Novice: 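The structure under discussion is supplied below as structure tokens; questions concerning it will follow.
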Amino acid sequence: MNPSARPLDVPDVSDLPAWFWAAFGIASFASIVVMLHCVSAGIRRETTVHDLRVRVITLRNTYVRQLRALRGDGDPDDLEYGVDVLDD
């Protein structure tokens with residue numbers, strides 16, 4: 001190490017004014033709230049998509065049952081292909 005090098009003059013954290021700590025706390029709180037909002041919006045979207053997929057499957061099954069009943073193709077409640085496997 002160079003003997004003529006002077007140490008850096010770094011201010012102590014306790015010397016920072018109260019307004020800085022208040023602003024830092026508010027900014028930290030706001031960033032946490034924004035992060036939680038984004039997470040909850042993503043979860044809400046996924047649950048909405050899942051509910052819509054379930055509804056589509058239900059409507060498809062109902063439609064197939066109605067068509068089978070109108071055509072007289074056996075028991076309308078006997079569906080072999082009425083269950084879809086969804087990748088979430």
Side-chain angles (χ1 to χ4, degrees):
M1 187 165 175
N2 188 356
S4 65
R6 297 178 6 209
L8 295 175
D9 186 22
V10 179
D12 190 17
V13 176
S14 63
D15 293 339
L16 294 172
W19 63 266
F20 172 81
W21 289 111
F24 181 75
I26 291 171
S28 299
F29 179 75
S31 64
I32 291 171
V33 168
V34 167
M35 180 191 62
L36 291 175
H37 172 72
C38 291
V39 169
S40 68
I43 292 171
R44 188 177 334 121
R45 181 190 170 279
E46 289 299 321
T47 56
T48 301
V49 168
H50 177 266
D51 292 344
L52 287 173
R53 286 179 178 169
V54 168
R55 182 174 162 135
V56 165
I57 291 170
T58 304
L59 290 173
R60 282 181 185 168
N61 289 340
T62 304
Y63 181 69
V64 169
R65 283 188 186 101
Q66 288 174 352
L67 283 179
R68 282 186 166 186
L70 286 174
R71 290 191 315 191
D73 291 345
D75 187 16
D77 291 330
D78 184 28
L79 294 176
E80 295 94 21
Y81 57 92
V83 177
D84 292 341
V85 177
L86 301 176
D87 295 327
D88 286 335

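Please read all numbers here as calculations on a predicted model, not as lab measurements.
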Novice: Sequence neighbours excluded and cut-off under 3.5 Å, please list the side-chain donor-acceptor pairs for residues 26-34, or say none.
Specialist:
residue	atom	partner	partner atom	Å
Ser28	OG	Phe24	O	2.9
Ser31	OG	Ala27	O	3.3
Ser31	OG	Ser28	O	2.8

Novice: Got a sec, which hydrophobics cluster with Ile43, joining ILVMFWY side chains under 4.5 Å apart, including via others?
Specialist: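 So far as hydrophobic clustering goes, Ile43 is joined with Val39.
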Novice: Which residue, Thr58, Leu59, Ile57, Val64, forms the side chain to side chain contact (heavy atoms under 4.5 Å, CB included) with Asn61?
Specialist: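 In the set Thr58, Leu59, Ile57, Val64, the residue that makes a side chain to side chain contact (heavy atoms under 4.5 Å, CB included) with Asn61 is Ile57.
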Novice: Who else is in the cluster with Leu67 when I, L, V, M, F, W and Y are joined by side-chain contacts under 4.5 Å?
Specialist: Tyr63
